[in-house]
Novice: 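I am attaching a structure below and will ask some questions about it afterwards.
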Amino acid sequence: MIDSHAHLDFPEFDVDRDAVFESMKNIGIEKVIIPGVSHSHWDKQLQVASQYCCPYALGIHPWFCDEGCSLTLSKLDKLVGDKHHDSDFIAIGECGLDKHHHSDWHTQVHVLKHQLMLAKTLNLPVILHVVKAHNEMIILLKHYKLARGGVIHGFSGSVELANEYIKLGYKLGIGGLILNHEARKLRACVTHIGLESILIETDSPAMVPNNSLEKRNTPLVLPAIIDEIAKLQKKSSVLISEQVRLNVIQMFDF
Ligand SMILES: [Zn+2]
């Protein structure tokens, strides 16, 4: 199993990161992709990724795009240039648009466009965070036409919306929300979309499962996500697990 999106560099894991990686290994989680968030996170992210052999993405999350925007973008350009030949550097992101967050909308669009351009120039896929801004995102993706597409991480939309992204060459990151039976739109979507368009992810430490006593989420919830997708798609968990593993390897080429 591969977690296509987990922030294992975040401080929530500082006390027991070794143990978390060990438990992951014990249940067959072989890799975790660590997405980038902001320039104040990159150093530690790179250190954790290198220590635990994780593929990683570099980018600026829309929640952090107000942090000295133009200076941060040039720092990102420099870092991406430095890491260009590192085989563990596999994508740009996570970047995107979030209308639920207070960060300035025009800055969000500006910072996203810069990163879409970076992905295009370097021929890398993107990891996208999209909240209440799908129309705007789809217009941008049609404009930038990234050859390698990317993933709409933490997808929670309808099958129609999923198909719009799939047509443009994107995959959907399905996470712990699928375990919530109230998430009817997402569950209907996962029942009907092609398995080749699904990546699995936990977004740890965020997205703590509903019934959990834990304060943080961990990649250990991946088998439950696979089982739920299997139930919805009326296929075996082994088949789902193998196909989503192939999907993530193919998308990010590691
Ligand atoms: Zn994330």
Side-chain angles (χ1 to χ4, degrees), residues 1-14 17 20 24 29 31-49 52 54-67 72 76 79 88-103 108 111-112 115-116 118-119 124-134 137 149-157 165 170-180 183 186 198-209 214-222 225 244 247-248 251-252:
M1 284 171 280
I2 297 170
D3 189 339
S4 68
H5 194 115
H7 300 278
L8 297 190
D9 55 322
F10 279 15
E12 283 86 342
F13 296 103
D14 284 354
R17 192 169 284 109
V20 170
M24 282 163 37
I29 298 170
K31 266 189 210 303
V32 168
I33 296 176
I34 305 184
V37 175
S38 84
H39 82 268
S40 53
H41 289 78
W42 293 331
D43 280 348
K44 179 152 168 223
Q45 181 204 355
L46 289 170
Q47 180 251 308
V48 170
Y52 296 94
C54 299
Y56 63 89
L58 289 170
I60 301 165
H61 192 290
W63 293 0
F64 295 91
C65 67
D66 288 340
E67 279 180 22
T72 309
L76 178 64
L79 184 58
D88 281 330
F89 170 42
I90 48 103
I92 297 294
E94 66 180 289
C95 50
L97 299 172
D98 191 331
K99 283 196 180 160
H100 262 180
H101 196 265
H102 55 73
S103 59
Q108 287 194 28
V111 171
L112 171 63
Q115 295 179 86
L116 292 175
L118 256 186
L124 285 171
V126 280
I127 297 175
L128 295 170
H129 168 108
V130 195
V131 176
K132 300 276 178 216
H134 290 290
M137 182 58 82
V151 59
I152 314 305
H153 123 78
F155 187 74
S156 63
Y165 281 118
Y170 290 77
K171 295 191 193 298
L172 296 323
I174 304 299
L177 186 62
I178 197 73
L179 302 172
N180 181 346
L186 174 65
I198 296 177
L199 300 188
I200 52 167
E201 60 165 68
T202 64
D203 204 12
S204 303
M207 299 297 295
V208 181
E214 293 259 354
K215 283 204 184 65
R216 64 171 188 194
N217 192 14
T218 75
L220 301 175
V221 78
L222 275 186
I225 294 172
V244 295
N247 294 347
V248 70
M251 163 125 288
F252 296 110

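Each ligand, and each atom within it, is numbered from 1 in the order the structure gives. The figures here come from the full heavy-atom set of this structure, side chains too, leaving out hydrogens, waters and symmetry mates.
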Novice: Quick check, are the ring centers of H129 and W63 under 6.0 angstrom apart?
Specialist: yes
Novice: The Zn ion (ligand 1) is nearest to which N, O or S atom of H5?
Specialist: NE2
Novice: Begin from the C-alpha positions of H41 and F10 and carry the test ring pair (Phe, Tyr, Trp, His ring centres under 6.0 Å) through to its verdict.
Specialist: CA-CA 8 Å; H41 289 78; F10 279 15; 5.4 Å; yes
Novice: Report yes or no: does H129 have an N/O/S atom closer than 2.8 Å to the Zn ion (ligand 1)?
Specialist: no
Novice: Please find the pair of heavy atoms, one from C65 and one from I60, that lie closest to each other, and give the distance.
Specialist: CA-CG2, 3.9 Å
Novice: Looking at E94, pick out the N, O or S atom nearest to the Zn ion (ligand 1) and give its name.
Specialist: OE2
Novice: Is K31 salt-bridged to D88, cutoff N-O under 4.0 Å?
Specialist: no
Novice: Measure from the Zn ion (ligand 1) to every N/O/S atom of D203 and report the name of the nearest one.
Specialist: OD1
